[in-house]
Colleague: 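So that we are looking at the same thing, I have put the structure below in structure tokens.
Please read all numbers here as calculations on a predicted model, not as lab measurements. When a residue number appears, it is its place in the shown sequence, counting from 1.
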Amino acid sequence: MSKGGNVGISGLSEAAGPVSLTLGWTDPTGEGEADVSVLLVAADGKVRGDDDFFFYNHPSSEDGSVQLLGKTPTGSGNEDRIQVDLAALPAEIHNVTIAASRYEGATFGELDDLRLTLSDSAGESLLAFDITGATVETAFVFGELYRRGEEWKFRAVGQGYESGLAGLAAEFGIAVQDDEGEQPVEAEERPPAEPDGGSASGTEKAAKVRTGRRAVKKSTLAPPKTSLADHVNWQNARLFSVNGFRNDQERESRATSTLLAVMTQVPEFGRRVTARFGAPAGAMQTFAEATFKHGESTVRPDGVVRVSRAGRIWTALIETKTGGNPLRREQVESYLEVASRNGYETVITLSNDLALDGGHPVAVDGRKTRKVALQHLSWAEVAHEARLLCRHEGVSSPVHAWLLGELLHYLEQDNAGCQGFQNMGASWVPVRDAIAEGTLRAGDKRAVQVAENWEKLTRQLCLRLGGETGLAVAPVVRKKRGEDPKAQRARTVDALVGSGRMSAEIRIPGTAGPLLVEADLRTGHIETTAIVPSADRARALTRINWLLRQLSEAPNELRIEALPAGRDSGPCELLKNLRAEPGLLVGDGEIASFKLSLRAGMGTKRGTEESGFIRSVDAAVDRFHEEVLKVIKVGSGADEQPG
């Protein structure tokens with residue numbers, strides 16, 4: 001859709017039930033976020049009261065008509081989802097305004113790819129609206145749902161405000177007061193909407209809402225205590241054992257039951273998982289291996305999740321795979337048929353694979369997903385959510401933190417089969433050998449499979465680093481607006497054919513720059529690189545010493561290149577030599593930045609064993625991040641005294 005356009009919703013989908021609106025953006029800096037908000041507006045253009053304003057401190061309505069489902073990380077940024085049950089809205093509500101705001105001085109001009117997507121209850125996208133031209137705005141109305149007679153319509157608004165959440169709220173008759181005791185922002189007279197908008201100016205007394213983020217004490221996993229074991233081979237007793245598996249079916253059954261039990265007992269974790277799939281926030285129950293009639297036989301999904309909210313029940317069937325076991329099309333389709341027949345909302349598959357481009361690892365008959373959404377979750381994504389809560393964000397109870405810690409320990413054990421993406425596939429060795437022999441050519445389908453798996457490995461790297469650091473780690477996607485995701489994959493294939501290399505950039509907030517990881521299949525090396533801005537110093541040697549002081553514990557084999565402004569090469573030397581003679585980096589131009597690179601051997605096998613490719617990539621990225629990138633303080637050049 002284009003700005004100002006409107007369309008009726010009822011004719012877009014046959015699926016009954018609530019609609020979902022997804023607000024998305026890409027944050028190139030990795031230093032800020034945005035918060036969504038929803039306003040229920042009456043015929044006079046104002047809210048009826050503060051209960052009609054939904055934001056991070058008031059995420060849902062009592063009748064379940066509005067639910068803020070929270071943020072979901074994507075390959076290029078974040079998405080924030082909202083569920084609106086139009087049929088449950090009171091008759092006096094004429095307009096549902098969908099907005100977002102930034103804080104601490106951040107603007108929407110600093111975000112890329114602002115977009116809104118509207119989906120039906122089956123998860124099928126109905127329309128999309130891209131917002132362009134954002135500059136200094138700190139709040140944005142993305143779009144609005146409004147009544148036109150007996151029908152609901154959607155309008156693409158794309159209107160920005162420079163007054164943030166407070167100014168946006170005041171526009172609709174709300175006086176905002178933060179938790180610091182500041183004076184509320186008084187509501188201003190709002191001009192009449194256009195005739196099609198269903199609203200007019202009004203003078204209703206403003207409600208007062210507190211929007212400050214309240215600090216709530218959370219429990220995280222306590223560090224391990226001193227061991228009382230007599231011998232190092234004594235193992236701590238664990239709640240979830242990984243011993244005694246006789247076959248894959250037992251492994252899958254225990255993994256499913258363990259996950260679902262923790263989701264039920266730790267509400268914050270259960271909510272984080274189910275919010276990905278459009279589930280409401282409500283009372284959750286989980287079940288293992290429920291039996292359903294299917295034709296002349298029966299089927300038994302690995303699990304069932306049910307969420308009850310305001311008299312409605314949301315249901316998902318779960319199909320689980322562990323280890324390298326693939327999902328089977330016929331099995332997934334049978335569960336879709338069962339879900340459709342019983343009026344369930346979704347089927348969720350769970351395996352070590354990762355879905356690309358918002359799709360699903362298994363291609364199923366599209367007719368079976370018209371009324372039931374088919375969603376996928378990787379064990380790596382499960383572990384990511386658990387790590388964030390367990391180690392960084394915290395949960396409401398110390399017991400819940402311990403339960404999450406036990407779940408994480410279970411997922412990390414090899415015998416559990418839940419470690420995430422761990423195999424570069426059957427095409428890995430043939431492609432690697434073809435590169436070594438010089439026989440790989442464009443159009444080789446095996447190279448496409450390797451490129452897809454490299455993308456999955458990159459995404460999993462970001463999930464793992466994000467879970468360990470508590471930061472929003474994401475791949476850097478360099479593409480033209482509207483470009484098909486397959487185009488970037490095609491560039492990876494071209495690089496494999498042309499130079500035998502694959503590369504990916506990863507943005508880690510708080511570090512000096514993106515981390516570039518490159519796998520060279522011709523030489524058998526993995527190289528990690530980052531470009532660090534130089535300190536603002538008068539002399540080149542002072543700039544070099546500024547960097548060397550921070551790299552006092554870095555590996556001797558670290559390669560450092562001094563880059564003058566506007567040039568992509570300059571004097572280059574190993575750190576071990578620079579420790580004795582820093583002047584080796586002094587060239588004929590002013591040093592603008594430093595290029596830091598570290599090379600490691602590349603595992604050749606396709607799996608995660610000690611000599612495997614995936615493990616070697618993990619080790620190389622971890623080492624560069626811990627020993628190089630993390631020790632360089634962003635902006636420290638402005639404060640440090642010359643040396």
Side-chain angles (χ1 to χ4, degrees), residues 75 322-326 351-356 361 378-381 383-384 412 414 417-440 444-468 473 475-476 488-506 515-529 555 557 597-627:
T322 57
N325 296 324
S351 74
N352 283 316
D353 202 358
L354 286 102
L356 295 178
S378 167
W379 284 112
E381 292 170 316
H384 170 74
E412 291 167 352
D414 290 341
C418 304
Q419 293 81 21
F421 179 74
Q422 53 186 345
N423 195 312
M424 289 296 290
S427 298
W428 169 251
V429 173
V431 167
R432 185 201 65 199
D433 292 345
I435 289 173
E437 295 162 358
T439 58
L440 186 66
D444 193 321
K445 293 183 178 179
R446 297 173 302 179
V448 176
Q449 294 171 356
V450 170
E452 290 177 349
N453 287 334
W454 173 251
E455 187 175 334
K456 293 177 181 179
L457 176 57
T458 303
R459 285 188 54 203
Q460 182 163 286
L461 265 174
C462 293
L463 287 169
R464 185 173 57 78
L465 284 172
E468 291 172 356
V473 180
V476 177
Q488 186 177 9
R489 211 165 295 144
R491 290 195 290 271
T492 301
V493 173
D494 291 342
L496 274 174
V497 174
S499 63
R501 296 180 178 182
M502 299 184 295
S503 62
E505 278 187 285
I506 297 172
L515 188 160
L516 172 67
V517 55
E518 185 175 57
D520 191 331
L521 277 66
R522 286 182 176 174
T523 64
H525 288 99
I526 295 170
E527 190 158 280
T528 45
T529 301
E557 63 270 29
S597 303
L598 194 60
R599 180 176 291 185
M602 185 184 79
T604 56
K605 296 183 179 179
R606 66 185 186 184
T608 56
E609 59 269 29
E610 289 295 336
S611 57
F613 174 72
I614 293 176
R615 181 165 294 189
S616 64
V617 172
D618 285 343
V621 170
D622 286 348
R623 187 186 186 201
F624 189 80
H625 175 241
E626 287 294 323
E627 300 183 18

Colleague: Return yes if some donor-acceptor pair links the side-chain N/O of Thr528 with the main-chain N/O of Leu598 below 3.5 Å, else return no.
Modeller: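 Looks like yes, one N/O pair under 3.5 Å.
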Colleague: Do Asp444 and Leu496 have side chains that get closer than 4.5 Å, going by heavy atoms?
Modeller: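 Counting from C-beta outward, Asp444 and Leu496 never come under 4.5 Å.
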Colleague: Looking at side-chain heavy atoms only, is the closest gap between Phe613 and Met602 below 4.5 Å?
Modeller: yes
Colleague: Short question: side chain of Gln460, backbone of Phe421 - any donor-acceptor pair under 3.5 Å?
Modeller: yes
Colleague: His525 side chain to Arg599 main-chain N or O, any donor-acceptor pair under 3.5 Å?
Modeller: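 Pair absent, no side-chain N/O of His525 close to backbone of Arg599.
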Colleague: What residues form a side-chain contact (heavy atoms from CB on, under 4.5 Å) with Glu452, not counting sequence neighbours?
Modeller: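 For Glu452, the residues satisfying side-chain contact (heavy atoms from CB on, under 4.5 Å) (neighbours in sequence not counted) are Leu356, Val448, Arg489.
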Colleague: Between atom CD1 of Ile614 and atom NZ of Lys456, what is the distance when rounded to the nearest 0.5 Å?
Modeller: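 Spacing of CD1 (Ile614) from NZ (Lys456) equals 10.5 Å.
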Colleague: Say whether, by atom type as modelled, one donor and one acceptor occur between the side chain of Asn352 and the main chain of Gly417 under 3.5 angstrom.
Modeller: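 A pair under 3.5 Å: yes.
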Colleague: Run the salt bridge (Lys or Arg N to Asp or Glu O under 4.0 Å) test against Glu557 and tell me which residues pass, sequence neighbours left out.
Modeller: Arg623
Colleague: Quick one: list whatever passes salt bridge (Lys or Arg N to Asp or Glu O under 4.0 Å) with Asp622, sequence neighbours left out.
Modeller: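 Residues passing salt bridge (Lys or Arg N to Asp or Glu O under 4.0 Å) with Asp622: Arg464.
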Colleague: For Glu381, which residues count as a salt bridge (Lys or Arg N to Asp or Glu O under 4.0 Å) partner, sequence neighbours excluded?
Modeller: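 Result, salt bridge (Lys or Arg N to Asp or Glu O under 4.0 Å) vs Glu381: Arg276, Arg459.
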Colleague: Are any of the side-chain heavy atoms of Thr492 and Glu455 separated by less than 4.5 Å?
Modeller: no
Colleague: Working to the nearest 0.5 Å, report the span between CG of Leu457 and CG of Asn423.
Modeller: 11.5 Å
Colleague: Give every residue pair that meets the salt bridge (charged side-chain N to carboxylate O under 4.0 Å, His left out) criterion with at least one member in residues 516-525, sequence neighbours excluded.
Modeller: Arg501-Glu518, Arg501-Asp520
Colleague: Can you name the salt bridge (Lys or Arg N to Asp or Glu O under 4.0 Å) partners of Glu437, sequence neighbours left out?
Modeller: none
Colleague: Do Asn453 and Trp428 have side chains that approach each other closer than 4.5 Å (heavy atoms only, starting at C-beta)?
Modeller: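 In short, these two side chains do not touch, never coming nearer than 4.5 Å.
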Colleague: Taking C-beta and beyond as the side chain, do Ile435 and Arg432 meet within less than 4.5 Å on heavy atoms?
Modeller: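 In short, these two side chains do not touch, never coming nearer than 4.5 Å.
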Colleague: Kindly say whether Ser503 contributes a backbone atom to a donor-acceptor pair with the side chain of Trp454 at under 3.5 angstrom?
Modeller: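 Present.
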